[in-house]
Amino acid sequence: MERDLALLIPEIIILLTVVFALVAEMLRLPRIALAIIIAGLLLATVQTLPLLDVNTTVFGGTFRIDTLSVWAKLILLPATVLSLLLARAELAGTDREGTVYVLVCLVSLASVLLAGVGDTMVLVLGILLSSLGSFALVAYPRDDFATEAAMKFFVFASVTTSVMIFGLSYWFGGTGSTLLSELSRLDSSPVVAVIGLFAVIIGLGYKASLVPFHFWAPDAYEGAPVSIAAYLSVVPKIGAILAFAQIVRDLPITMAWPLIIAVIAVLSMTYGYLAALVQNNIVRLLAYSSIAQAGYFLLGIVAVGTSPLALPSLIIFSAAYAAMNLGAFAVVMVVGRTLETFKGIGRNKPALGVAMVVFLLSLVGIPPLAGFVGKFLLFGAAIEAGFTWLVVVAILNSVLSLAVYLRIVVPMYQKQHDDSSVAMSTPLISLVWVIALLLTIAIGLGAQLLFGQLNEYLTGESLHCATSLSYLS
Amino acid sequence: MTAQMFFIGFFGLAGVWFGIVVFRTYSMVRSALALLFSQTALGAMFLSMEAEFLGVLQIMMMATEMSIMAIFMVMFMMDPGGLGTMDMTHQKRLSLITGFVSFVAAVLVAVFVDWGPVATSFPDAAQQTVDLGLELLNRSMLIFEMAGVTILTSMIAATAVAIQPVKRKQKQ
Amino acid sequence: MNLIAVAILAPLSATLLIMLLRRFPATLALLGAAIGLVGSLELLANAYNGLSQEIILPGLPGMPLRLVATPLTALLSTLVAVVCTLVMVYAVGYMKKDREQVRFFATLLLFAAAMQTLVLAGDWILLLSAWELIGLSSYLLIGFWYRKPGVKSAAMRAFLVTRSADLGLYVAVFILITNAGSSDIASTLNTSGGPAIAAGLLLLIAAMGKSAQTPLHDWLQRAMAGPTPVSALLHSATLVAAGAILLIRTAPMLAPETLLVIGIVGGVTTVVTGLIALAESDLKRMLAASTSSQYGLMLIAVGAGVPMAALLHLIAHAAIKSSLFLGAGVFQHSRDSTMLDKLQGVGRNQPKIFFGFALAALALAGIPPLSGFFSKDAIIAATLSSDHIWILLPLALAGTLLTGGYMARALRILWLKNGTSQPVSGLAWMGTGLGGLVLLAVILGAAFPGLELLLESALNIRLTENTITRFIPEILGLSAALGGLLLGWFFPVQVLLGPILPWAKRGFVVAGGFDNLMVRPALAIAHGCEKLERLLYKGVLATGRLGLRLGKAARRNDESGIDGMIFSFVRGTVNLGGKARTLQNGLIHKELAISTIASAVILVFMFIVLLTY
Amino acid sequence: MYPLVSITVFLPLLGALLVLSMRKAPTQVVHGIGITTSGLTLLGALQMWSRGVSETGFAQVEQIDWMPSIGAAYRVGVDGISLPLVLLSALLFFVTFIYSAKVRKQPHAFVALMLLLETASIGAFTALDGILFYVFFEVSLVSMYFMIAEWGHEDRQRAALMFFIYTFLGSLPLLLAILGLYLGSETYTFDMRAWISDPPLDGTAAMLALVAMLITFAVKTPVFPFHTWLPAAHVQAPAAGSVILAGVMLKFGTYGIIRFAYQMTPDAFRDAGLVILAFGVVAALYGAFAALAQSDLKRLVAYTSINHMGYIIVGVAIAALATEPAIRATALDGSVLQMVSHGLVTGALFMLVGMLQDRANTREMDQFGGLLKVVPILGWSFVLAAFASLGLPGLAHFPAEFQIFLATLQVEPIAIIVILGIVVTAGLYLRAIAQVFLGEVGEKWTTKTMPDLSVRELLALGPLLLLTIALGVAPAWVLDVIHKTTANWQF
Amino acid sequence: MSPELIIALVSGAALFGVGIYGALSQTNLVMIMMGVELILAGAMVNMVAFWRYLHPDNPAGQMFVLIIMTVMAIEMAVGFGVAIARFRAKGSVEMEEATELKG
């Protein structure tokens, strides 16, 4: 028990942070709440570092401390901090802004837990926890849009989650356990495995906004404050994706689940970019783009278990995605929500323009930016898993994505915008996009720093895959 | 046909029937009450499956929950009494088909999957509770704690969403 | 210092000096030409003494560039140098009033250097390079007065026609190199069989282009748009000669079949262009046509298997034709025109020049003891010895006859009647150059036996076969020449040519000539490509638009769900309480329904996958 | 030994950062930095040249671990194929900087972008790592997009987009191929040397990878059906952009075809040789004919690029089809030399067209006439460059094309039909010269409206023209380097 | 295979079907929530049955039921929170009136 708790120190720190922040919020001291949370999250991040070499489970396998979950913390907690800075910039002075910070922190906790999920109950609670906070965050402005968005979000979430729970009950029937590690028993009863997986696809598909469970996402992002949209598009989504990876790691490969995930990946990428192609609201555009990016994540999922590249690629793309997406949203906060506001911004604010271009090109996957490295590894993993066709589709979609993102870039460098006023520009936002920019470039160039760590670590891990990473020197 | 079987079937049927009733009335209050009955029937069904702790818990929790729900019904409905015959549904046929298909699919799975050997022995009620307690505080402690955090979050979230800010009113 | 280098580098460095200094162009040009001439002469002297020289330069990998001075090449080099020098002397006078002497002399010298390279080249790559470079410099020279109307098209045509024909040389060179495994000309001459025939015919095409053989003779007449010294140079020993020189040099490898084709091409050319010359109303154009005709005669000689005869005629013709052109240039200056009807009687104003001109004309016609007589005689002798005597001999005789005819006609027009002329400046220079060339034209015949001996000693090419006595060809040639002269002097051209006169005046253009056969189709293809290009462009844009449309469709789908299906269900919704609710888009339940249906599909798909795996 | 190659590659990047950090610096200073940096880079390239290449494999290799766990590293080095291209790039950038020292519109961004482009270009030619190559390849794309979009002419946005989308679309298959090669390699490495010495793929996989790579490089080169972006991009690009685009970036395509397609999937390439050859022939002829139909001088030059690049494709295909090492070496020598020649000649031509446009604000040929009289130096330079472009002996293109055609005839005689291209190009250039420079001078062109070349322009143009002649007269100094590699080609 | 298990599972399936119908067909947020409750009830029935007849030795089954109950309660609570917020903003919790966000 002590050992388990020691391994859960980062999570515990987050929880304590929440408690203290709540107190601060009750005292109407939002700035202090924010400070506490940021300090707590950073502390939790730091406390995660000693766990880098750990590969174990706690509480009888219900939670996994392994590469995915540790790196999820290392990626998601800093991303949360950045989101909080954005939120502070956007929401400072509004009523109960501290609640937002607390909820963000809780959702991050849920996402972090999801990334280490080892038990179906953790999965259920993780999704629920992350959804609950998200509803409140989306509804925070309490205006027409926000409440509508929250309502739709809620309906979608509750229906999909409950269907997932219903489906998961069959897994218990099949294995007699709620542990994911027991899923290999389902080898003999594939129907049950399929039903359960189907349920998981629905539940996590909703959470990661995969087509066809994506409908809530554009509405929610549009209705929510931009900073919250940025947060939602990054942290809970990555948590859900990593949870997905944790689950499929234990599925018997014989039931050919990668194929169905590949199909969903194709749907997500294609639909997301197609829909993004006609958006004039940049937040919506980025929402659809994040749907498509989720499809790219699935390229890593299909390779889990067959390619040693799968997990590293997922992690690196997560980091890349977090950096570039947060950066793009931060720029949107500065410039404004519509395409029109972007006109000429590249000339008026060259640094900001360059940053946006970098983020968007990284989202497209142009080297040497972070998005490229991530996608490249994902492609490699998928090819190694035998999904070359999927990679071809992904690459074709990258072309589509180019069109999508160029729709933002092109007006940026078009004719001069008359009034060079911007929606909002505070040092905080600037700080965020500068950090995101540096990270986007740094991850692109220094992927090895991440990868070396991952590789070293993964070699010691017992994967289901026959190959190990040892020959990848 | 054992008694257990009968009771399970009976309460199951009752639960389903009240479930259907939920969507067949034009009054939300009635719907809430129907749901209450449905859930209670399920609680009884659990009891007949010798899961006593769960059964009791179900009945107690649902009673509370549904009463709250009924109160909200009154708050939000234009026609809480269901005096009119206002239809509260849309895309009915599609929903019907979907619901029916889901039902059939689930039944098919239930019937045609080889669930393996039926357990011959099972712990008595007291042992169950002990087991559950041990499970709660041992293996599933993290889950338990997560549930707690989730409840905390739901409180924060619900209040954050629902409570009208004071400042804003002043502004207006 | 190597003499080959002197022969080439002297004019080349003079070019560069002129371009750099931009002054004393005439002096430098003369100096360069003279030094080159000395070099060439010494080369010839060395060759006479049995010494041959060679320079090997790094070129393409495995294919070094060579310059060789064999008796043949040394002789040709000397010829080029002599003519160049004399033309240069003449040009000093001719160009006195022109303001762009720098450009003129620089180009002229460049041309001379390129020509020297061509004749001295010992490997195919260098020969090809020089071949193209003389094309370039002739383009520049012909286009010298680029602002004059017609000049640019003349220059362009000259370059284009020759370059098109040059493709033959390119391919022939490739074939020869492939076959011999070396680009050395000497070693490729051993080629035989199919490659030899193919290469020979391709070389003929190239030669036809450069030597303006029918049907590619048109450009040469148009090239008269350039200054007269240029014409003199191009038409005598250089540009046009390149074709004949090429065939002479490669004669050892030419197969009998190729030789026959060459002979026929030459024969046809000599007759066709002879007729054109006869009908021509412009002195310089007439001389140009005559050049084609004379080269036709040379090709007959090559075709008859006696390239030596061709070579002799080439040498004689070089001196003669440059004299004629230089004379024509003086006439042009005195009357400001080259049209024959404006030049009537100009000979009386410039009697000395006319005397030289007439001597050269007679030499060209083949009147003994002028040089042309001997070379023509050699050609006719060659046809007599040929296997195809009945084809080649009549053609050669007809060519000779026509030569006499048009030269007599020209002389008659230039001498009879009176006209007024203006004084010509720089006459001294022009006279000197002209005099030198006329002198050569007159006396070169005496040098022929010596030349034959020289070349025989080098065993480079086959000698005139003396099996038939020289008497017969002499008689035949002389009578044809005299007959031609008499006809030309006494009968007007209308009588001589009769019905074909208009056709001949137009240069026997077949099917619209070059324009219709080459330019139009090329432009048509080009415009076709352009159309295709537009189409492609549109195609790309259309694809882009398709993508956009798909995107819009995706959005609509999101807005209204799978419309048709759901709409009918929703329409059935009863709306009670008098509260009409309008159905709107963007409804969560529809989206949920889509999700549900889609997930059902996914489930089915999963089971299908499950069953198939 | 200091890391010369890396210094040469990243020197421009340093310059770019310097420029960006000096936001207040006046225009002249900025251009001065650009010229100096590119000049130093040129010196670096020259020193690389003096260090030479080795007979086997790559020389001057520098290597630092980057992502060792997936076998990606920073590896640069040169061989006889890349070294001339490096020198060419450095030179072209240098002269382009001199030429564009007049740019007044956002000089900081311009110079920084150009320097970035220079790093990307030299980097792409020296990269010996699959990922590194791709990185440089894409960076060049982005820089060029902004170059066209920002400093281009009338319809620049559209052209830039077209360029970007087209080449980006084209570059993705390469990514796929690189992944394939990577996963096919025994030790999971991105080392291009390993891929070359031991081609990782065979059979259908190799063919698929080949097709992917060919698509990429065919778009970049560009080859006939994929070329539509080129005229648009060229016409709209600023003169400096055109020079770089034609002089350097088109070479990525042909370089890639040799380095990747040919060297890494040699067997598949040989199997597909005839098809590639056909594409090359069609491209060469189509480019020539399409150029003939143009009335816009810049489009004309752009289309002739397609023609010249077609010859290179022909050369490479012939090299693959050839069985004799000597012939293969000839074909490759010709192809590589053709890249260099094309860079010099077309660079000069685009510069000249740019100078004309600067003076006249039009590129339509029928607007001009008799300009030789007004701007003799410009005119004669154009004539020289045009004749070089049409393959006149003694000028840069001749030795290259000669070798290509020679090898073509030896290997696939029917393909010699491609030689028709040289007549068509001759025709179109003569037509252009006649229309623009010969004939009567138009009234509006006086020495006032159209001054002759300035010193700056001469300095920019001079090196290119001199090298054009030098390469034509004595190609050996470049060919020796190329031949060293091609003569020892290992298959 | 025990008939009790089947009966229970069929009941669960029926509840699930009804719940799905409700979630899809209702126009009102609260009613949709009821549908969700029924789906979850179905899941509970399944879980209890599986635990009782297949894996009584694993208390995780019961635990899961507890969790599902929690989920039901929490969803209801938060659902009402959202509903209140919506009601305040718009005066109705009808889904069909929530059409501002689309596209």
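A quick note: this is a predicted structure, and the numbers were derived from the prediction, not measured. So you know, we letter chains A, B, ... as the sequences are listed, proteins then strands, and number each from 1.
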State, to 0.1 Å, how close [X] and [Y] come at their nearest heavy-atom pair, and which atoms those are.
{"X": "E/M33", "Y": "A/F154", "answer": "CG-CE2, 3.5 Å"}
{"X": "A/S169", "Y": "E/A43", "answer": "CB-O, 4.0 Å"}
{"X": "A/T147", "Y": "E/A89", "answer": "OG1-CB, 3.7 Å"}

Please step through side-chain contact (heavy atoms from CB on, under 4.5 Å) for the pair E/E75 and A/L128, ending with a clear verdict.
CA-CA 8 Å; E/E75 284 209 337; A/L128 187 68; 3.7 Å; yes
So which part of [X] gets closer than 4.5 Å to some heavy atom of chain A, the side chain, the backbone, both or neither?
{"X": "E/V71", "value": "both"}
{"X": "E/I39", "value": "both"}
{"X": "E/I20", "value": "side chain"}

[X] portion near chain E, given a 4.5 angstrom heavy-atom threshold:
{"X": "A/V138", "answer": "neither"}
{"X": "A/A149", "answer": "both"}
{"X": "A/Y170", "answer": "both"}
{"X": "A/S177", "answer": "both"}

Using a heavy-atom distance cut-off of less than 4.5 Å, which residues of residues 56-63 of chain E contact chain A?
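Within residues 56-63 of chain E, near chain A: E/N58, E/A60, E/G61, E/M63.
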Pick from [options]: which one has the most heavy-atom pairs with chain E under 4.5 Å?
{"options": "A/A157, A/G223, A/A220, A/S162", "value": "A/S162"}
{"options": "A/T178, A/L125, A/I165", "value": "A/I165"}
{"options": "A/T120, A/T175, A/D144, A/V159", "value": "A/D144"}

If I take atom [atom1] from residue [X] and atom [atom2] from residue [Y], how far apart are they, to the nearest 0.5 angstrom?
{"X": "E/L40", "Y": "A/S158", "atom1": "CG", "atom2": "OG", "result": "9.0 Å"}
{"X": "A/K152", "Y": "E/L29", "atom1": "NZ", "atom2": "CG", "result": "12.5 Å"}
{"X": "A/M151", "Y": "E/I32", "atom1": "CE", "atom2": "CD1", "result": "8.0 Å"}

Is a side-chain N or O of E/R86 found less than 3.5 angstrom from the main chain of A/A146, in a donor-acceptor match?
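It does not hold such a pair.
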Choice from E/I67, E/L9, E/T70, E/L15 maximising heavy atom contacts with chain A below 4.5 Å:
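Max contact count across the listed options: E/I67.
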Please, which pairs that meet ring-ring contact (aromatic ring centres under 6.0 Å, His included) have at least one residue in residues 172-192 of chain A, sequence neighbours excluded?
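Applying ring-ring contact (aromatic ring centres under 6.0 Å, His included) to every pair that reaches into residues 172-192 of chain A, excluding sequence neighbours, yields A/F172-E/H55.
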Stepwise side-chain contact (heavy atoms from CB on, under 4.5 Å) check, A/V124 with E/F64:
CA-CA 10 Å; A/V124 169; E/F64 206 140; 4.0 Å; yes
